[in-house]
Amino acid sequence: MDQGRVSSTSIILMSLLCMLVFHSNMSFAEEHIVGDGKGWSFGVQNWPAGKTFKAGDTLVFNYSPTSHNVVVVNKSGYDSCVAPKGSKVYTSGADRITLAKGGNYFLCGFPGHCNLGQKIAVNAN
Ligand SMILES: *[C@@H]1O[C@H](CO)[C@@H](O)[C@H](O)[C@H]1NC(C)=O
Ligand SMILES: [Cu+2]
């Protein structure tokens, strides 16, 4: 009898604990679809404005891999639309990139695309 009560109490406690952990994970890392419905596209440069990003959040870049890619650059690469040789390039068309704390800079490496606003600067807290 007593044992039955103890185990049902611990099951309830365990469930509460699981819900708590699940909940805090949910609010901890968010997923952001770059460009929302338009995806990774021309003019996406303004998409980050007014949004809040945290280190550990994920950016999802959706695009056609025959037309675009995603190159990781630094601030000077972002400002000048130049991707240095040896830069990390994503090409899947559905790339998931985890944000590091501070400035995160990405541009499309296809000729002319960055100058058409296919680049983003995201500051993660
Ligand atoms: C950005 O990257 C380039 C090429 O790797 C490097 O020469 C430059 O110093 C970097 N700039 C900053 C601000 O980190
Ligand atoms: Cu492009």
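Because only heavy atoms are used, hydrogens play no part in the values below, and waters and symmetry mates are left out as well, while side chains stay in. Both ligands and their constituent atoms are indexed starting at 1 by order of listing.
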Colleague: Return yes when at least one protein heavy atom is under 4.0 Å from atom 11 (N) of ligand 1, and no when none is.
Modeller: yes

Colleague: Taking 2.8 Å as the cut-off, does Gln118 contribute an N, O or S atom near the Cu ion (ligand 2), distance below it?
Modeller: yes

Colleague: Could you identify the single nearest non-hydrogen protein atom to atom 8 (C) of ligand 1 and state the distance to 0.1 Å?
Modeller: Asn74 ND2, 3.7 Å

Colleague: Looking only at heavy atoms, which two atoms of Leu99 and Asn104 are closest? And how far apart?
Modeller: CD2-CG, 3.5 Å

Colleague: Does the side chain of Asp95 pick up a donor-acceptor pair with the side chain of Ser92 at under 3.5 Å?
Modeller: yes

Colleague: Would you say the side chain of Phe106 lies within less than 4.5 Å of the side chain of Ile97, judging by non-hydrogen atoms?
Modeller: yes

Colleague: Does NZ or CZ of Lys88 fall inside the cone over Tyr90's six-membered ring, less than 6.0 Å from its centre and within 45° of the axis?
Modeller: yes

Colleague: Between Ala55 and Ala100, what is the shortest heavy-atom contact and its length?
Modeller: CB-C, 4.2 Å

Colleague: Heavy-atom contacts with Ser76 under 4.0 Å: which atoms of ligand 1 show up? List them by number with element.
Modeller: 1 (C), 10 (C), 11 (N)

Colleague: Looking at the Cu ion (ligand 2), which N/O/S atom of His113 is the nearest one?
Modeller: ND1

Colleague: Tell me, which protein residue and heavy-atom name are nearest atom 4 (C) of ligand 1, and how many Å apart are they?
Modeller: Pro84 CG, 3.5 Å

Colleague: Could you tell me which N, O or S atom of His68 is nearest to the Cu ion (ligand 2)?
Modeller: ND1

Colleague: Would you say Cys108 and Cys114 have SG atoms less than 2.5 angstrom apart?
Modeller: no

